[in-house]
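Sequence lines set the chain letters: A, B, ... in the order given, protein chains first and strands last, and positions in each chain run from 1.
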Amino acid sequence: MNYTHINLYDYFYGLVKQIPEGYITTYGELAKALGDIRAARAVGYMLSINEDPDGIPCYKVVHTDRRMGKYALGVEEKARRLRKDGIIISNGMVENFNERFFSDFKTDYPLAKLQEEQEKIASMADFAGDRDEENYAAIDVSYEGRTGYGALVYYDSGEYMVKNLEMKVNFPYIPGYLGYRESPFIEKLSVNVDALLLIDANGLLHPRKCGLATFAGVVLGRATIGVAKSLLMGKIDDTGYVVYNNEKLGYAINKHTIVSPGNMISLESSIKKIKLLGKNKYPAILKMVHNETVAMRKRRLPS
DNA sequence: GCGACAG
DNA sequence: ATCTTGTCGC
């Protein structure tokens with residue numbers, strides 16, 4: 001199945017260029033123009049790694065509470081550039097904020113559209129049944145800026161096999177949209193690997209029931225289980241289930257091992273599988289693949 | 001004012 | 001995830 005492959009970095013930098021001369025906006029307002037306020041931190045991140053500070057005027061972006069915010073070339077330089085545009089700065093705060101606030105972005109709210117797509121993908125997911133594969137594989141990705149270092153560790157009758165993949169990413173980390181960032185890695189790494197896929201993320205346990213494990217599972221037509229290291233949403237009840245809106249969407253093997261079904265498997269069967277892999281601990285194969293991605297990144301980053 | 005916010 | 005350019009809600 002196909003899904004939207006948007007370059008959110010390019011789209012975002014295009015929005016920043018829309019801020020008119022003499023105006024400022026906020027991290028949050030840019031996030032809303034992208035289609036989701038939850039992207040506010042990603043806005044700051046994308047500005048921070050912007051390679052063209054003269055072409056893309058990130059100094060025009062400030063905090064919602066009027067604080068000036070940070071700048072790669074230093075806050076002094078940010079203040080200098082803002083003052084040159086007629087923005088009044090005192091004590092690190094924007095004084096003429098209301099008069100100079102720009103929010104009229106020309107946008108079609110891409111993240112809002114991706115949310116609709118996630119709902120559609122979730123409706124195609126299969127959260128029922130057992131799996132009888134003996135073989136399983138785990139996938140993870142580590143990052144340095146826009147470069148992702150992905151790995152797959154495949155277990156087959158006593159043997160471990162490793163695959164690696166280095167790729168540029170066009171989508172930042174935004175809570176709730178991990179599928180759009182990491183699915184390309186899962187797609188390429190899992191080719192010709194006949195195994196149940198363990199994904200370092202959630203599946204069903206997601207605001208739109210479309211965490212990375214589900215997203216990639218449906219898109220690739222593969223069986224997946226999500227194993228996250230922390231809670232995205234919901235509460236762990238006294239029997240270990242993660243409950244959200246009175247629905248059991250996941251299960252906490254422990255505080256740092258949160259299981260939820262991805263695709264072609266039930267929650268109960270997912271729990272059984274992960275418990276089999278390592279008693280009540282985080283599965284060793286996920287630890288292995290994570291270590292592998294970190295090693296890849298450090299190899300490429302001699303420090 | 002502090003926590004929530006997959007990776 | 002890395003090593004830091006956020007915002008909202010309790």
Side-chain angles (χ1 to χ4, degrees), chain A residues 12 16 24-32 34 36-50 53 56-75 77-79 81-82 92 94 118 139-151 169 171-183 185-186 198-216 224-235 242 244 249-250 252 255-260 262 282 286 289-291 293-294 296-298 301 303:
Chain A
F12 170 74
V16 178
I24 49 100
T25 192
T26 65
Y27 301 99
E29 202 59 34
L30 277 163
K32 287 181 201 161
L34 283 173
D36 191 339
I37 184 63
R38 298 186 75 190
R41 274 203 303 200
V43 163
Y45 179 70
M46 289 190 283
L47 292 172
S48 78
I49 64 166
N50 158 33
I56 300 159
C58 19
Y59 70 91
K60 295 176 180 174
V61 186
V62 301
H63 282 278
T64 298
D65 63 7
R66 300 177 172 224
R67 278 180 298 130
M68 222 176 33
K70 303 184 185 176
Y71 195 53
L73 306 175
V75 284
E77 179 61 14
K78 187 166 184 173
R81 293 188 183 205
L82 285 170
V94 177
Q118 288 178 323
I139 300 175
D140 193 18
V141 187
S142 171
Y143 295 91
E144 166 64 29
R146 282 182 67 169
T147 307
Y149 301 90
V169 294
F171 206 98
Y173 171 70
I174 304 170
Y177 301 85
L178 191 53
Y180 292 96
R181 178 166 168 85
E182 293 199 0
S183 288
F185 289 89
I186 297 174
L198 310 186
I199 311 294
D200 179 29
N202 290 304
L204 173 64
L205 182 54
H206 179 275
R208 294 168 288 284
K209 302 188 174 179
C210 196
L212 170 61
T214 299
F215 188 98
T224 59
I225 298 176
V227 185
K229 288 189 287 295
S230 68
L231 207 52
L232 169 64
M233 57 177 221
K235 287 228 164 64
V242 182
Y244 184 78
L249 301 179
K255 205 112 174 77
H256 303 287
T257 311
I258 319 284
V259 176
S260 65
Y282 189 76
L286 277 161
V289 74
H290 182 256
N291 290 343
T293 64
V294 172
M296 285 171 71
R297 173 165 52 81
K298 300 212 161 151
L301 210 80
S303 56

* Asked: Looking at DNA chain B, which of residues 224-234 of chain A put a heavy atom within less than 4.0 Å of it?
  -> A:Ala228, A:Lys229, A:Ser230, A:Leu231, A:Leu232, A:Met233
* Sugar-phosphate only, base, or nothing, as touched by A:His256 at under 4.0 Å among non-hydrogen atoms -> nothing
* Nearest 0.5 Å, what's the CG-OG1 distance between A:Leu204 and A:Thr214? -> 6.0 Å
* When only distance counts, do a donor and an acceptor, one from the side chain of A:Tyr27 and one from the base of C:dT5, lie under 3.5 Å apart? -> yes
* **Gap between atom CD of A:Glu182 and atom CG of A:Leu178 - 0.5 Å precision** => 4.5 Å
* Structure fact -> Between A:Arg38 and A:Pro207 the two heavy atoms that sit nearest each other are NH1-CG, 4.2 Å
* Would you say A:His290 reaches C:dA1's phosphate, i.e. side-chain N/O to OP1/OP2 under 4.0 Å? -> yes
* To do: Return the nearest nucleotide to the side chain of A:Ser142; candidates are C:dA1, B:dG7, B:dC5.
  => C:dA1
* Would you indicate what A:Ala72 reaches in the nucleic acid, counting non-hydrogen atoms under 4.0 angstrom: base, sugar-phosphate, or nothing? => base
* To do: Look at the side chain of A:Asp140 and decide which nucleotide, out of C:dT5, C:dT7, B:dG7, has an atom nearest to it.
  => B:dG7
* Any chance you could encode DNA chain C as dot-bracket? Rule is Watson-Crick or G-U wobble with both distances under 3.5 Å; [ ] for pairs crossing earlier ones, | for another strand. => .....|||||
* To do: Give one of base, sugar-phosphate or nothing for A:Tyr180, where a contact means two heavy atoms less than 4.0 Å apart.
  => nothing
* Criterion side-chain contact (heavy atoms from CB on, under 4.5 Å) against A:Ile199, the qualifying member of A:Leu212, A:Val227, A:Asp140 -> A:Leu212
* Under 4.0 Å between any heavy atoms, over every strand shown, what does A:Ser48 touch: base, sugar-phosphate, or nothing? Just pick one. => base
* To do: Identify whether any heavy atom of A:Asp200 sits under 4.0 Å from a base atom; if not, whether one sits that close to sugar-phosphate; answer base, sugar-phosphate or nothing.
  => sugar-phosphate
* Asked: Can you tell me how far the CG atom of A:Leu73 sits from the NZ atom of A:Lys78, to the nearest 0.5 Å?
  -> 11.0 Å
* For A:Lys70 and C:dC3, give me the distance from atom NZ to atom P, rounded to whole Å. => 14 Å
* Atom of A:Cys58, atom of A:Leu47 and distance for their closest heavy-atom approach -> CB-CD2, 3.4 Å
* Nearest-Å distance, CZ (A:Arg146) to C1' (C:dA1)? -> 16 Å
* What distance separates A:Phe171 CZ from A:Ser183 OG, expressed to the nearest 0.5 Å? -> 10.5 Å
* To do: Return the value, rounded to whole Å, for the distance between atom CD of A:Glu144 and atom C1' of C:dT4.
  => 13 Å
* Heavy atoms under 4.0 Å, any strand shown: does A:Gly69 hit a base, just sugar-phosphate, or nothing? -> nothing
* Using atom OH of A:Tyr244 as one end and atom P of B:dA4 as the other, report the distance to the nearest whole Å. => 15 Å
* Asked: Looking only at side chains, do A:Arg81 and A:Tyr71 share a donor and an acceptor under 3.5 Å apart?
  -> yes
* Where the side chain of A:His63 is concerned, which of C:dT5, C:dC3, C:dT7 is the nearest nucleotide? -> C:dT7
* Asked: Which of these nucleotides, B:dG7, C:dT7, B:dC5, is closest to any side-chain atom of A:Arg38?
  -> B:dC5
* Asked: Quantified in whole Å, what is the C1' atom distance between nucleotide C:dT4 and nucleotide B:dC5?
  -> 15 Å
* Structure fact -> note: A:Ile37, atom CD1; B:dA4, atom P; distance rounded to Å ~ 19 Å
* Structure fact -> Separation of C:dT5 atom C1' from A:Ile24 atom CD1, nearest Å, is 14 Å
* **Salt-bridge contact A:Arg67-A:Asp65 (side-chain N to carboxylate O under 4.0 Å)** => yes
* Among C:dT5, B:dG7, C:dT7, which is the nearest nucleotide to the side chain of A:Ala40? -> C:dT7
* Structure fact -> Separation of C:dT5 atom C1' from A:Leu73 atom CG, nearest Å, is 12 Å
* Would you kindly check if the NZ (Lys) or CZ (Arg) of A:Arg208 is within the cone defined by 45 degrees around the ring axis of A:Phe215 and under 6.0 Å from the six-membered ring centre? => no
* Qualifying residue, where the test is side-chain contact (heavy atoms from CB on, under 4.5 Å) with A:Met46 and the options are A:Ile174, A:Leu34, A:Ile56 -> A:Leu34
* Rounded to whole angstroms, how far apart are CG on A:Leu286 and C1' on B:dG7? -> 13 Å
